[in-house]
Amino acid sequence: MESCWLEGEGQEEEEDMEEDWSAPVDGREAQDQHHSPALARSTVSFSSPDGPSVASDGASSASSSSAEGTGIMTRMELNTFKAGMEGLDKEKINKIIMEASKGSRFYENELRKEKQMAGRISAMMDRLASITPQQQQEALLQVDKMVEDLVEGRDLSRTIVHLDMDAFYAAVEMRDNPALRDKPMAVGGIGMLSTSNYLARKYGVRAAMPGFIGKKLCPDLVIVPTNFDKYRTVSSQVRDVLRQYDPYFAPMSLDEAYMDLTEYLELRKSLPEEERTFYAHTEECFMSKENAAVDNQKKEDMLGETQASVKVPELSVNSTTNIDDEDGSLEKSKVTPCHDDNVSSPCCGTEELPETCEQIAKDVKEKEKPEGHDCETMGCEKVVFGCDAEEVVREIRFRIQQRTYLTASAGIAPNMMLAKVCSDQNKPNGQFYIPSDCEAIMDFIKDLPVRKVCGIGKVMAQQLNALGITTCTHLYEQRAVLSLLFSPISSSHLLRVALGLGATRIERESERKSMSVERTFSELSKPSELYRKCWELCEALAKDLQDEGLKGRTVTIKLKTVNFEVKQRGQTVPRAVSSMNEIYDVAEELLKMEIQQCQPQPLRLRLMGSSAKRRKQEKPPTKTTTLDRFFL
DNA sequence: GGCCGAAGGACCC
DNA sequence: CTCCAGGGTCCTTCGGCG
């Protein structure tokens, strides 16, 4: 239960979600003038009052606000950036997506948002044009001071891993139903797909795509309903493995997690070979294996498939003996106190400290072995893993695969931001390592598309794009301008990205801040129906809250009109609430106001939600009477 | 000016 | 022929208030 919040049904890994932003900018072109397009532009625009024309040029290329036509609707197209997109007909796919969407209310709303975005960008370009060279100089000076601090505070002492299950939900379904293995399939419903297998991706079917469009792209697409209980089970098996390498690992969803291997790697150095030895189980092994729960039919089929992929992740198991001790000698990265990165101490939680890593490791290793099974005599392939980070991660992936028959990808780097990007690098069933030295980091960062960075989404990417920024190098080159155009928080985040910096301490699970329930339905507009729906939602929410023993001080309702416009209305109450009645009282009132607001017209909704949020956070951990762990 | 609450979004899975 | 989720977190902007 301590893992509560992470049970939030994750969407699904790498998937880029629907989006796209379909980089209209051709990389090369950007590179040619990437010296500082924005800089040049603003200088030009400054020296010549006409400047804007130059600037607006850049803006319009990034997001033509001209109606219809080709350029617009960049938000609906397919993101070709991600892995597994080789050799597929983007043109054709986008055409199909377009045709399926055109004219729908959804599409109209997207159009609206697109225009709004264009407006924001052009406002930004105007601001850019009004920046004087002096301002820029000053900004640069200031930013470079920050750069200095940031670089000085760089902490290369940690080894962070981001682990990501490959096409998780889809992989689980394929594992359990062999009939699906050679078919393009996706998990979800006709309304929305959570993820798709790699075969389906070839057709352009991706996560966060509505099922009916998936069907259009790939008429043979098999859509399997989600089965979260199953994914949760598998997920916990994976977590069992991860825990042994970092008891404080942080699951981000059912299918991905961050780990800090620093401590473990230290310990690993003195781990005898037998402790690093595993066996690739063969069919016979499985016959007696724990998975007895699975019916035989499935099991057999599973094995057939598994054999093929059971091989050790990545290359040579034998090259493993390279116990690179050279690694321990990197004193160049003097351990700095890393003041910038989050200061949470990973190892201070007094919670259930699961003994030591060694103990856990032994325990679980036993568990992984089929009962009463002796690998030595059963002829299982013996695998010995080395002691460096890459070897350990291979071992982790190997064990995950042995345990779940599913593959995972991983990224290893000195901080979370990089690790996350890395895990995507060799996506299905691969891993990528960035050693802990500045040069390696910068080399990696250099051409990294900003869009790949976690936290830079469609919108930010498009804004940056308008400034001629597509890679992290550009990000650095434009640091002065960025500091002037974006908020301090945003620009410092961008700056850190540009420097290859990221959190080096994995936050201990934090308390949840809100809880919500929302539902999409076919149009409702009669007040009685709306109140009824509201009631149901509040009921569900109250139950969820009570199940976790939580209360909320702010009750909000969320409404989505049939035109996809989203509204939220909230009210904070004097005392935290959790009961059905208390919540509904507030929600009903809020809903009533909305219904009245559009009075003669009916309020036509396609979705309604209800949520309870905790209030800010008390400044000092107020020692208010060991206050119940409620939202205040 | 600073903090808070409300509303709207961006982003992530 | 219809048909685009649901669970979160965090940031930004704005108006009110003391």
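Only this structure's heavy atoms are used, side chains among them; waters, hydrogens and symmetry mates stay out. In what follows, every chain begins at residue 1, and chains take the letters A, B, ... in the order their sequences are listed.
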S.K.: Send over the distance from A:Arg120 CZ to B:dG8 P, rounded to a whole Å.
M.R.: 15 Å
S.K.: Would you mind reading off the distance between A:Leu494 atom CG and C:dC11 atom P, rounded to a whole angstrom?
M.R.: 13 Å
S.K.: Report yes if a donor N or O on one partner sits less than 3.5 Å from an acceptor N or O on the other, where the partners are the side chain of A:Ser101 and the base of C:dC4; otherwise report no.
M.R.: yes
S.K.: Any idea which of B:dG9, C:dG7, B:dC13 is nearest the A:Ser253 side chain?
M.R.: B:dC13
S.K.: So which nucleotide from C:dG8, C:dA5, C:dC3 ends up closest to the side chain of A:Phe564?
M.R.: C:dA5
S.K.: Which nucleotide in the list C:dG6, B:dC13, C:dC4 gets nearest to the side chain of A:Leu607?
M.R.: C:dG6
S.K.: Return the CG to CE distance between A:Asp260 and A:Met416, rounded to the nearest 0.5 Å.
M.R.: 9.5 Å
S.K.: Looking at A:Lys102 and A:Glu99, is any side-chain nitrogen of the basic one under 4.0 Å from a carboxylate oxygen of the acidic one?
M.R.: no
S.K.: Could you tell me how far apart A:Glu507 (CD) and C:dC10 (C1') are, to the nearest whole angstrom?
M.R.: 13 Å
S.K.: Output the rounded distance in Å from CG (A:Leu193) to C1' (C:dC4).
M.R.: 10 Å
S.K.: In terms of side-chain heavy atoms of A:Ser514, which of C:dT9, C:dC4, C:dG7 is nearest?
M.R.: C:dT9
S.K.: Please pick, from B:dA10, C:dG7, B:dC13, the nucleotide with the shortest atom-to-atom distance to any side-chain atom of A:Asp255.
M.R.: B:dC13
S.K.: Can you tell me which nucleotide in C:dG6, C:dA5, B:dC12 comes closest to the side chain of A:Glu518?
M.R.: C:dG6
S.K.: Let's see if you can work this out: which of B:dC11, B:dG9, C:dC10 has an atom nearest to the side-chain heavy atoms of A:Met460?
M.R.: B:dC11
S.K.: For the CG atom of A:Leu475 and the CD1 atom of A:Ile456, what is their distance to the nearest 0.5 Å?
M.R.: 6.0 Å
S.K.: Given B:dA6, B:dC12, C:dG6, which nucleotide is nearest the side-chain atoms of A:Gln571?
M.R.: B:dA6
S.K.: Can you measure A:Met209 atom CE to C:dC4 atom C1' for me and round it to whole angstrom units?
M.R.: 10 Å
S.K.: Let me know the distance between CZ of A:Arg451 and C1' of B:dC12, rounded to the nearest Å.
M.R.: 10 Å
S.K.: Tell me what A:Arg105 touches on the nucleic acid: a base, only sugar-phosphate, or nothing, going by heavy atoms under 4.0 Å.
M.R.: nothing
S.K.: If we take the P atom in both B:dA10 and C:dA5, what is their distance in whole Å?
M.R.: 16 Å
S.K.: Which one, B:dC11, C:dT9, B:dG9, comes nearest to the side chain of A:Lys458?
M.R.: B:dC11
S.K.: Table please: side-chain donor-acceptor pairs of residues 208-226 of chain A below 3.5 Å, with sequence neighbours left out.
M.R.:
| residue | atom | partner | partner atom | Å |
| --- | --- | --- | --- | --- |
| A:Lys215 | NZ | A:Leu221 | O | 2.9 |

S.K.: Quick one about A:Ser483 and A:Ser491 (side-chain donor to acceptor, distance below 3.5 Å, no hydrogens or angles considered), yes or no?
M.R.: no
S.K.: Look at all strands and tell whether A:Lys113 reaches a base, only sugar-phosphate, or nothing, counting heavy atoms closer than 4.0 Å.
M.R.: nothing
S.K.: When you measure from the side chain of A:Ser490, which nucleotide among C:dT12, C:dG7, C:dC4 comes out closest?
M.R.: C:dT12
